[in-house]
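The sequence lines fix the lettering, A, B, ..., with proteins before strands; numbering per chain opens at 1.
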Amino acid sequence: MLDVLGTLERTNTCGELQAGNVGESVVLMGWVAKKRDFGVFTFIDLRDREGVTQVVVSEETAREAHAKAKGLRGEFVIAVKGEVVARDEGAKNTKLPTGDIEVKVSEILVLNDANVLPFQLEVAGSENLAAEDTRLKYRYLDLRRPQLQHNIRTRAKAVAAIREYFDERGFIEIETPILLKSTPEGARDFVVPSRIHTGKFFALPQSPQILKQLTMISGFDKYYQIARCFRDEDLRADRQPEFTQLDMEMSFAHQEMAYREMQGMFNHIFAKVGGISLPAEWPRMTYAEAMRRYGSDKPDLRFGMELVDLSGELAGTDFAPFASVLESKGEIKCIVAKGKADYSRKQLDELQEFVKRYGAGALAWIKAVEPEGGSGSDGGWVLTSSLLKALGEEKIADLAKAAGVEKGDLVLIVAGRKSVVAASLGALRIEIAKRENLIDRAAYKPLIVTEFPMFEHDEETDRYAAAHHPFTSPMDEDLEKFKTAVNDESQHHLLGEVRAKAYDAVINGYECAGGSIRIHQKDVQALNFKALGMSTESARVQFGFFLDALEYGTPPHGGFAAGIERTCMILCGTENIRDVMAFPKTASAQDLMMDSPGDVDGAQLKELGIAISD
RNA sequence: GGGGUCGUAGUUCAGUUGGUUAGAACGCCAGCCUGUCACGUUGGAGGUCGCGGGUUCGAGCCCCGUCGGCCCCGCCA
């Protein structure tokens, strides 16, 4: 028989009572986290979102409550009335903030019972959590875990800090529609059928890009929004089909102003939420430099192990695989794993398999090891290498020197197309850092990456696509080159060299924000559509309203969007985006709790004029 | 679309060369217990070995297929 709450109110949460509260009469409410029954008295760990407080029910002093306590089970919801009493020295629990006291119960109200949980919330050893699919099915239970409670609240604080930052600086929060129109550029759209306009569809925003630019044309000057975005693409550990961005835009703005706001916003969030102070001025790196030194446009600066170019040393080599790579304008680069010359054949095979995922043909290596029979007292060392036969001792020594090898080091070499070398060595660098624990978990290393390329070359179609989005402005310095590339068919390849006023904010190897200064002049915009192989007509069909808008007095403007989840992942120290979302989906974009996506009623489909084939 | 990996009790896992009745811990149920906080203790219940097919005298284990979780490549302007 359950009790009713009536007008009873709690006086305290389960996380706040301390020695100073001894003697107070209190009412606590929460979940039974644990019960320890000693016959004549019973301990209950009562949990709410703020913590755990031990309450004790004695048969001697509270006969009725004690009888009720007998029937309590895990996760029952109860209210207890009682008195805060000090625990005896030796009976204190130093693991709990409330461990100096306990509540001596006079009355228990059983507000609700609970089925036995399908998995245990907290397990000894803490890492033996139930399988994630089980926890996702009962997400509301998993969310009771203190860790997830903390993450979700951290996220709330981060969003609050963002609003605080932009409100204070005169930005106006403007909501934009969720029901938009599909455009062919970019990610696959989620699509919503229109009932009133049978056969037509809305699309959910991949980002509010065009709308935020329109707020600039509308004269709001400074806009921001915490915007939900939707992309129907395959998922990753840091990607969900729907996610949240801080979206901002400002008028009369150049890059430096955007950098300032990116730094300012993240610095505010990290200080406010995590007590972490990031540098007032973030280091900067061009895209080209980041790719050259780290093989990534989002380098993790918490450790070194930079890429070293060996192409110079290998120029004119007879070794056919390297010669052909250099001939076709590829690269040969390496990283040096300090002190890892003891890697086994098996480990090196694993690493080779790892880089092959990124298109690398092979992974060559050089080891600086003790000579057979020991190095003696002079500490000498010799080089061994998978390339010894192919290149000879002298050349291996040259390479080792170029790589800056010392005794005990392992050099890992990849040759191939520039994009393959960068991707494979960039990923290998991170893989080794993880394996060898080279990453300082307490460090936060932000970076602004600048001068992104304007276009990406698609090797299969030999076409150029917008690297950022089709409204990104080219750099002033590259404007002439841009015009030449577009207008002179024979110079089309120059598009690959045009840099954009596009930039990213990177923290600890995560792309946390990205943005650009936009094109605000119609002739440049027209040029860009042409560069992208879009005819005037098709550009009009897709973006006509926007092109019109650009012609009614568009101020220079730009901004950025920041990933709320990725930012929170860093703040929460997790590598899993689901840890910072209340109700996430699986890697196959399903919600295991509500079992979505689901079927819809035939009548519903009929009303929409939709028939399912197959 | 492709690759890797996992799937055995409610949960986390073990399960040898294919061989009798598939085990452990936690949880659960019942009892005992005056200071626990990973309480202790006695007893008990609990299994479609993801699913389907095959090989075999015999399959949790081998083979084929399939479903699902996670991670990665492609993809994500």
Chemist: Suppose you measure atom P in B/G7 against the same atom in B/U16; what distance do you get, rounded to whole Å?
Modeler: 13 Å
Chemist: Can you find an N or O donor on one side and an acceptor on the other, under 3.5 Å apart, linking the side chain of A/Q120 with the base of B/U12?
Modeler: no
Chemist: When you measure from every atom of RNA chain B, which of residues 88-100 of chain A have a heavy atom less than 4.0 Å away?
Modeler: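 The stretch gives A/A91, A/K92, A/N93, A/K95 as the residues lying under 4.0 Å from the strand, ordered by number.
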Chemist: Given the P atoms of B/C71 and B/U66, what is the spacing between them in whole Å?
Modeler: 23 Å
Chemist: Would you kindly say whether A/D247 and A/Y223 are connected by a side-chain donor-acceptor distance under 3.5 Å?
Modeler: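 There is such a pair (donor and acceptor under 3.5 Å, judged by atom type) between the side chains of A/D247 and A/Y223.
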Chemist: Tell me the interatomic distance from A/R135, atom CZ, to B/U12, atom C1', rounded to whole angstroms.
Modeler: 12 Å
Chemist: Which nucleotide, in any strand shown, forms a Watson-Crick or G-U wobble pair with B/G44, with both distances under 3.5 Å?
Modeler: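 Base-paired to B/C28.
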Chemist: Is there side-chain contact between A/I517 and A/Y503, with heavy atoms separated by less than 4.5 Å?
Modeler: yes
Chemist: With a 4.0 Å cut-off on heavy atoms, is A/P470 in touch with a base, just the backbone sugar-phosphate, or nothing at all?
Modeler: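 Base, at least one base atom sits under 4.0 Å.
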Chemist: Should B/U5 form a Watson-Crick or G-U wobble pair with both distances under 3.5 Å, which nucleotide is its partner?
Modeler: B/G69
Chemist: Any strand is fair game: report the nucleotide pairing with B/U20 by Watson-Crick or G-U wobble, both distances under 3.5 Å, or none.
Modeler: none
Chemist: Going by the ring pair (Phe, Tyr, Trp, His ring centres under 6.0 Å) test, which pairs reach into residues 40-64 of chain A, not counting sequence neighbours?
Modeler: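 The answer is A/F38-A/F41, A/F38-A/F43, A/F41-A/F43.
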Chemist: Listing request: all salt bridge (charged side-chain N to carboxylate O under 4.0 Å, His left out) pairs with a residue in residues 504-521 of chain A, at least two apart in sequence or in separate chains.
Modeler: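 Salt bridge (charged side-chain N to carboxylate O under 4.0 Å, His left out) check on residues 504-521 of chain A returns A/E249-A/R518.
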Chemist: Determine whether A/Q18 and A/D100 satisfy the following criterion, side-chain hydrogen bond (donor to acceptor under 3.5 Å, both in side chains), listing intermediate values before the conclusion.
Modeler: CA-CA 6 Å; A/Q18 313 236 314; A/D100 285 352; over 6 Å; no
Chemist: Could I get the full list of salt bridge (charged side-chain N to carboxylate O under 4.0 Å, His left out) partners for A/E89, not counting sequence neighbours?
Modeler: A/K92
Chemist: When you check every protein heavy atom under 4.0 Å of nucleotides 67-76 of chain B, what one-letter string (B, S, -) results, 5' to 3'?
Modeler: --SSSSBBBB
Chemist: Rounded to whole Å, how long is the line connecting atom CD of A/E431 with atom P of B/G4?
Modeler: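 After rounding, the gap between these two atoms is 17 Å.
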Chemist: Select base, sugar-phosphate, or nothing to describe what A/A427 touches, counting heavy atoms under 4.0 Å on all strands.
Modeler: nothing
Chemist: Take atom P in B/C73 and the same atom in B/G15, then report the distance between them in whole Å.
Modeler: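 These two P atoms come out 31 Å apart once rounded.
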Chemist: What residues, two or more places apart in sequence or in another chain, satisfy ring-ring contact (aromatic ring centres under 6.0 Å, His included) together with A/H492?
Modeler: A/Y464
Chemist: Rounded to whole angstroms, how far apart are NZ on A/K34 and C1' on B/G40?
Modeler: 13 Å
Chemist: Among residues at least two apart in sequence or on other chains, which ones pass ring-ring contact (aromatic ring centres under 6.0 Å, His included) with A/F543?
Modeler: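 Per chain and number, A/F543 pairs via ring-ring contact (aromatic ring centres under 6.0 Å, His included) with A/F471, A/F529.
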Chemist: Quick one: which of A/K212, A/Q213, A/H520 gives a side chain to side chain donor-acceptor pair (under 3.5 Å) with A/H557?
Modeler: A/Q213
Chemist: Considering Watson-Crick and G-U wobble pairs with both distances under 3.5 Å, what does B/A38 pair with?
Modeler: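 Partner of B/A38: none found under 3.5 Å.
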Chemist: Rounded to whole angstroms, how far apart are CD on A/E75 and P on B/C28?
Modeler: 11 Å
Chemist: Residues two or more places apart in sequence or in another chain: which of them pass salt bridge (charged side-chain N to carboxylate O under 4.0 Å, His left out) with A/R441?
Modeler: none
Chemist: Indicate whether A/F43 forms a stack on B/U36; treat it as stacked only if centroid distance is below 5.5 angstrom and interplanar angle below 30 degrees.
Modeler: yes
Chemist: Provide a list of protein-nucleic acid N or O atom pairs under 3.5 angstrom, restricted to nucleotides 30-32 of chain B.
Modeler:
residue, atom, partner, partner atom, Å
B/A30, OP2, A/R73, NH2, 3.0

Chemist: Please state the P separation for the pair B/G23 and B/G60 - nearest whole angstrom.
Modeler: 13 Å
Chemist: Could you measure between the two C1' atoms, the one in B/C49 and the one in B/G10, and give it in whole Å?
Modeler: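 Each nucleotide's C1' atom is 16 Å from the other's.
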Chemist: Using purine N1 to pyrimidine N3 plus N6-O4 or O6-N4 for Watson-Crick, or N1-O2 and O6-N3 for G-U wobble, both under 3.5 Å, which nucleotide pairs with B/C62?
Modeler: B/G54
Chemist: On a whole-Å scale, what distance lies between the C1' atoms belonging to B/C67 and B/C28?
Modeler: 30 Å
Chemist: Please report, rounded to the nearest Å, how far the C1' atom of B/G10 is from the CG atom of A/D142.
Modeler: 15 Å
Chemist: With sequence neighbours left out, which residue pairs that include part of residues 54-67 of chain A fulfil the side chain to side chain donor-acceptor pair (under 3.5 Å) condition?
Modeler: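 Every pair satisfying side chain to side chain donor-acceptor pair (under 3.5 Å) with a residue in residues 54-67 of chain A: A/R36-A/Q54, A/Q54-A/E102.
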Chemist: Only counting residues at least two apart or in another chain, list the ones meeting salt bridge (charged side-chain N to carboxylate O under 4.0 Å, His left out) with A/D37.
Modeler: A/K70
Chemist: Rounded to the nearest angstrom, tell me the gap between atom OH in A/Y138 and atom P in B/G27.
Modeler: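 Rounded to whole Å, this separation is 20 Å.
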Chemist: Would you please name every residue forming a salt bridge (charged side-chain N to carboxylate O under 4.0 Å, His left out) with A/R49, sequence neighbours left out?
Modeler: none
Chemist: Looking only at side chains, do A/Q521 and A/Q525 share a donor and an acceptor under 3.5 Å apart?
Modeler: no
Chemist: Calculate the interatomic distance between A/F38 atom CZ and B/C37 atom P; express it in whole Å.
Modeler: 7 Å
Chemist: Would you say the base of B/U36 and the side-chain of A/R87 have a donor-acceptor pair closer than 3.5 Å?
Modeler: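 Indeed, a donor on one side and an acceptor on the other fall under 3.5 Å apart.
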Chemist: Between A/F41 (CZ) and B/U34 (C1'), how many Å, whole number?
Modeler: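 Checked: the CZ to C1' distance equals 4 Å.
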Chemist: In whole angstrom, give me the gap between the C1' atoms of B/A22 and B/U8.
Modeler: 8 Å
Chemist: Rounding to the closest angstrom, what is the interatomic distance between B/G18 and B/C61 at atom P?
Modeler: 11 Å
